[in-house]
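To keep things clear, I will list the structure first and then write my remarks on it.
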2 protein chains.
Amino acid sequence: MTTAETRGESLSIGEVAERTGLSVHALRFYEREGLLVGPVRRTTGGRRRYTRVDVDWLLICVKLRESGMPLADLKRFAELVRQGPGNETERLRLLDAHQQRVEEQIRALEECRSVIAWKVGVYADHLARGQADGLWDPTA
Amino acid sequence: MTTAETRGESLSIGEVAERTGLSVHALRFYEREGLLVGPVRRTTGGRRRYTRVDVDWLLICVKLRESGMPLADLKRFAELVRQGPGNETERLRLLDAHQQRVEEQIRALEECRSVIAWKVGVYADHLARGQADGLWDPTA
DNA sequence: ACTTGATCTAGACCCCGCTCTAGTTCCTAG
DNA sequence: CTAGGAACTAGAGCGGGGTCTAGATCAAGT
C-alpha cells in the first residue's frame with residue numbers, strides 16, 4: 001500500500017479527508033466552488049494530489065467555517081490569496097472582521113449558557129425537593 | 001393607539017415580535033410547528049393575543065435557538081411542557097444535554113479564535129514591517 | 001365612510017452547505 | 001488476469017430554518 005509516508009508528501013483526497021475532517025465530497029465541492037488557493041495537482045490518471053500547503057490552507061478553512069464564516073467569505077479570501085502578494089491589508093481586514101464576529105458569538109453563547117444554567121437550576125431544584133412550583137405548567 | 005400598556009398584559013403578534021426579536025413570520029411558523037407551550041388565544045376577530053407566559057417561553061426559545069438547539073429538540077421540549085407536570089426529569093435531561101453542547105461550542109469557538117488570532121498576527125506583522133514572508137503565496 | 005396598517009391563512013420559495021447518485025476509470029494486491 | 005476499493009465527473013437532492021406572496025380581513029383614526 002502506498003501512503004503519504006512511503007511516498008513523501010503528496011496526499012490523496014481520502015488522506016486529506018482524514019486529516020482535515022472534511023468529507024471527500026466536501027473537498028471536491030470546495031474545489032469546484034473556488035475555495036482553494038490553487039489548482040490541485042493531478043496524477044496522470046487524473047487523481048488529485050494535495051500538497052502540504054493545500055492541507056494547511058484547508059485546516060484554516062475548517063476553523064473559519066467552524067466559527068461560522070460563510071463560504072462566500074472564504075471564497076473571497078481564497079481569491080485574495082490566489083492573486084498573490086499586494087492585498088495583505090484586505091486579507092487582514094477580512095480576518096479581523098471575522099475575529100470580531102467570533103468574539104461576539106462567544107459572548108452571545110456565554111449569555112445563553114447562563115440563561116440555560118439558570119433554567120437547569122430551576123428544574124434541578126424542583127426535582128430535589130420532590131415537588132414545588134415555578135415551572136411551566138400550561139395546564140394550571 | 002392601543003398598546004400593551006394601555007390594555008394590560010396581552011400582546012399582539014407585532015408586539016411580541018419586537019420583544020423577542022423573532023419576525024412575525026417566524027412566530028406564526030413556530031406556532032404551526034408546535035413549538036409553543038399552549039394554543040395562542042385569539043380575539044373574536046381571529047388575531048393572536050400572547051400572554052406574558054407565551055413571551056417568557058419565546059424568550060427561552062430564542063436563547064436555545066441562538067445556542068444552536070435544533071427546532072426538533074425545541075419541539076420535544078414544548079411537548080413535554082404541554083403534557084404538564086410529571087416529566088421534569090426528562091426536561092432536565094434535555095436542557096442538560098444542550099448545556100453540554102453549548103459548553104463544547106464555546107470551547108470550539110475559543111480554539112478557532114486562537115487560530116484566527118494567530119493568523120491575524122501573522123498578517124499584522126507582515127504589514128508592520130513593510131514586507132516579509134511566511135504568507136500564503138501560491139504564485140511563489 | 002374611507003383609508004391605512006396590522007393580521008390572517010396556506011403554501012410556495014429560498015439560501016446554505018453539503019451529500020449522494022450514477023456510471024466510469026484507475027490502480028494495487030493476490 | 002482479475003477483483004475490489006478508491007477516485008473521477010456532473011448534477012440532482014436534501015435538511016434546516018425560516019421568508020415571502022397572495023389575497024382577504026380586521027381595526028383604528030379622521
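Residue numbers start from 1 in every chain, and the chains themselves are labelled A, B, ... in the order their sequence lines are given, proteins ahead of strands.
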| said: Classify Arg32(B) by what it touches in the nucleic acid, base, sugar-phosphate, or nothing, heavy-atom distance under 4.0 Å. | reply: base

| dA6(D) phosphate, OP1 or OP2: any side-chain N/O from Ser12(A) under 4.0 angstrom? | no

Nucleotide [N], atom [atom2] - distance to [atom1] of [X] in whole Å:
{"X": "Arg47(A)", "N": "dT28(C)", "atom1": "CZ", "atom2": "C1'", "answer": "11 Å"}
{"X": "Leu64(A)", "N": "dG17(C)", "atom1": "CG", "atom2": "C1'", "answer": "16 Å"}
{"X": "Leu74(A)", "N": "dC18(C)", "atom1": "CG", "atom2": "C1'", "answer": "14 Å"}
{"X": "Ile13(B)", "N": "dA6(C)", "atom1": "CD1", "atom2": "P", "answer": "13 Å"}
{"X": "Arg42(B)", "N": "dA27(D)", "atom1": "CZ", "atom2": "C1'", "answer": "16 Å"}
{"X": "Glu66(B)", "N": "dG18(D)", "atom1": "CD", "atom2": "P", "answer": "11 Å"}
{"X": "Arg49(A)", "N": "dC26(C)", "atom1": "CZ", "atom2": "P", "answer": "16 Å"}
{"X": "Glu33(B)", "N": "dG11(C)", "atom1": "CD", "atom2": "C1'", "answer": "13 Å"}

| said: Keeping Arg82(B) on the side-chain end and Gly34(B) on the backbone end, is there a donor-acceptor pair under 3.5 Å? | reply: yes

| task | Kindly compute the distance separating CG (Leu94(B)) from CD (Glu79(B)), expressed to the nearest 0.5 Å. | result | 10.5 Å

| query | Taking the six-membered ring where the residue is Trp, are the ring centres of Tyr30(A) and Trp57(A) under 6.0 Å apart? | reply | no

| 5'-most by nearest nucleotide on DNA chain D - Leu22(B) or Thr43(B) | Leu22(B)

| message | Both Arg48(A) and His25(B) contact DNA chain D. Which one's nearest nucleotide lies toward the 5' end? | response | Arg48(A)

| request: Mark yes or no for a side-chain to base donor-acceptor pair under 3.5 Å between Arg28(B) and dT19(D), with no hydrogen or angle criteria applied. | output: no

| request: Tell whether Arg65(B) reaches the base of dG18(D) with its side chain through a donor-acceptor pair below 3.5 angstrom. | output: no

| Asp96(B) and Arg91(B) ion-paired at < 4.0 Å | no

| request: Please tell me which of Gly46(A) and Tyr30(A) maps to the more 5' nucleotide of DNA chain C, matching each residue to the nucleotide holding its nearest heavy atom. | output: Tyr30(A)

| Glu103(B) and Arg107(B): salt bridge (charged side-chain N to carboxylate O under 4.0 Å, His left out), yes or no, with the steps? | CA-CA 6 Å; Glu103(B) 302 290 0; Arg107(B) 226 200 38 61; over 6 Å; no

